[in-house]
> 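One structure, pasted below without further comment.
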Amino acid sequence: MKQNIIVLLCFAICYLSCKDQSKTSNSVIENRGVISKSAMVVSARGEASKIGVEILKQGGNAFDAMMATEMALAVCYPYAGNLGGGGFLVYRMADGTKGALDYREKSPLASSKNMYLDEDGNVIKNLSTIGSMAVGVPGTIAGIFEAQKRFGKLDVASILKPVIELAQNGYKITEKQERRIASYDSLITAVNEKEILYNKKLKAGQTLINTALAKTLQRIADNGRDEFYTGETAKQLIDYLQSKGSIITLEDLAKYEAKWRDPISFQYDDLTITSMSPPSSGGICLNQIMTMVEPFDLEDYGHNSLRTIQVLVEAEKRAYADRSFYLGDPDFVDIPIETLTSDMYLQERMKEFSFQAPTPVDSISHGKIIAYESNETTHYSIVDQFGNAIAVTTTLNGGYGSKLYVEELGFFLNNEMDDFSSKPGEPNYYGLIGAEANSIAPEKRMLSSMTPTIVEKDGEFYMSVGTPGGSTIITSVLQTILNVHEFKMTMQEAVNAHRFHNQWLPDEIRMEPNSFDKSLVKQLQNLGYNINEERSPIIGIVDGILMQEDGTLEGGADKRGDDTAVGF
Ligand code: DON
């Protein structure tokens, strides 16, 4: 009997330690995520994190791993990982130099301000969200090549090799993935007028092979960035898009360029926070909110306490009201960044704040709104063995973007055009309203909320963090940083913690359901806050990496997704 138990125990230990390599090379402490000594990749899928780490182990750096991880996500997380979308990178080199790359989609040359309005000036339902008119000119391939060319060390063919193998040999469908594909199935089939590779027959545990995508990636590995923008792939893509009625042309693709931007940097206590600048609203809004809340003793109030929620919500309200009016593509509109982020302006903005009652939304600005919530973007964080750190958020916008799937090429196309303001004051998919600053114009980039963020402490790398979640991205990143800094959580606790959100309009605090104490909710309601616990089953799927005091890295992979940290 005893012998049997020992055999069983040995088997169990062997099984557990052989099952998942990512867990053998890293230790997992309770309440902490995966710990590693020199490098780490955290992304929405284990396969993508492992491929990123494989590239690092071959001697590549964070920018080589970026190309591999981003393309691996396009293979095994087509919900948001993409070739047909865009994104933002914020980096901090080992020597402390920081920067940002904008590979956001662009509006086609043939686009126009009122393209989503009917003759009476009303927004045509679904035109900016579903099908070919919703698609913006994709930036992802330009972005990963630009970053890798400037900072990478390996050759593109070796970086893409494991990704192509993943597409060729397949990956396992997870339970969450099975559910997601099933729930989008009828819409995807309707838009494509046939069943595509991703359809409701796919079951968890099944292996999915995408040969068309493997071929596309192989051509990109052979011919480089231009394969996508002027080569065979470009031609196939435009033929397909135009057959579906798109206004995007070969000229649009040929003109696309990723752009280096100066990120937004600001201080909060002893932290230096660096995040994405316009055309994302992430950095500016995060800066505004954190500056508005800095004078309050959040640590003393406590995590998710009544006072903490009040302070954060009121600051968020004001920042989102500014977002809707002032922010857009900096190549097209002048944004008063200095004023918007100045202490004087923000103190003035918070002057009406009171713990006694909410500041009425109309007194901040005007608008009418409905909202919708989901988590269809994806974020990954990488720290390499050389000390470079990156935060990257990439998206197709909605889940599977416009739902248009290019069968010959093996990928979905974005519906990023909906991030423009189709009509002043009219809410988009995320319930965000915009003004002239974010109106449509040829070659303009649509305003984003994506907030890839790097945090430094005492001049050293401290944290890389980001999340999907549309309009809730900014407030999820905010809460994660505060969870670590103010409420002393580990990275894993910080990403898992329950979240809430306010975006000025609609006039409500969204809270994750069954996550907040009923009496706390009642207290907020008694003060005059509208609480909505139904809108968002989850708020954000945050991934992050934290430098611990002993110099090791802790990966925080949000329990809300299939997210996985792998390191060495
Ligand atoms: O750029 C943006 O702000 C949006 N397109 C992000 C979309 C997103 O996060 C989807 N997940 N909810």
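In each ligand, atom 1 is the first atom listed, and ligand 1 is the first ligand listed. Here, residue 1 is the first one in the sequence, and each next residue gets the next number.
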> N/O to N/O below 3.5 Å, does that happen between I473 and ligand 1?
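Not met; the criterion fails.
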
> Report yes or no: do T472 and H501 form a side-chain donor-acceptor pair below 3.5 Å?
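On atom types as modelled, these side chains do not qualify, holding no pair under 3.5 Å.
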
> Quick one: are V313 and Y529 in side-chain contact, heavy atoms under 4.5 Å?
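The answer is yes; the side chains approach within 4.5 Å.
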
> Distance only, no hydrogens: is a donor on one side chain within 3.5 Å (strictly under) of an acceptor on the other, for T451 and S275?
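No, S275 and T451 have no side-chain donor paired with an acceptor closer than 3.5 Å.
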
> How about L447 and F420: do any of their side-chain heavy atoms sit closer than 4.5 Å?
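The answer is no; the side chains never approach within 4.5 Å.
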
> Could you check whether any heavy atom of M446 sits closer than 4.0 Å to an atom of ligand 1, since that is the contact criterion I want to use?
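Checking ligand 1 against M446, which is what was asked, there is no heavy-atom contact under 4.0 Å.
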
> What I want to know is whether L447 and ligand 1 share at least one N or O pair that is separated by under 3.5 angstrom.
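No - when backbone and side-chain N and O of L447 are compared with those of ligand 1, no distance drops under 3.5 Å.
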
> Considering only heavy atoms of S449, which atoms of ligand 1 have at least one such atom less than 4.0 Å away?
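Those qualifying, in numeric order: 1 (O), 2 (C), 3 (O).
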
> Decide yes or no for P279 and P330: does some side-chain heavy atom of the first lie under 4.5 Å from some side-chain heavy atom of the second?
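Sidechains of P330 and P279: in contact.
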
> Please classify the H379 to ligand 1 contact at 4.0 Å (heavy-atom distances, strictly less than): side chain, backbone, both or neither.
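Under 4.0 Å from ligand 1, H379 contributes no heavy atoms.
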
> Distance under 4.0 Å to a non-hydrogen atom of E376: what atoms of ligand 1 satisfy this?
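The atoms of ligand 1 under 4.0 Å from a heavy atom of E376 are 10 (C), 11 (N), 12 (N).
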
> Report the part of E416 (side chain from C-beta onward, or backbone N, CA, C, O) that has a heavy atom under 4.0 Å from ligand 1; answer both or neither where that applies.
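For E416, the contact with ligand 1 is made by the side chain alone.
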
> Taking 4.0 Å as the limit for heavy-atom contacts, which would you say applies to T377 with ligand 1: side chain only, backbone only, both, or neither?
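Under 4.0 Å from ligand 1, T377 contributes backbone and side-chain atoms.
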
> Going by distance only, is there an N or O of T395 that falls short of 3.5 Å from an N or O of ligand 1?
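Such a contact does not occur with ligand 1.
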
> Please tell me whether N414 and Y400 have a donor and an acceptor in their side chains that are separated by less than 3.5 angstrom.
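The criterion, which ignores hydrogens and geometry beyond distance, is not satisfied for Y400 and N414.
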
> Just by distance, with hydrogens left out, do Q148 and R225 show a side-chain donor and acceptor under 3.5 Å apart?
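Judged by distance alone, the side chains do not pair up.
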
> Quick one: which ligand 1 atoms are inside 4.0 Å of a heavy atom on M450?
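That gives atoms 1 (O), 3 (O) of ligand 1.
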
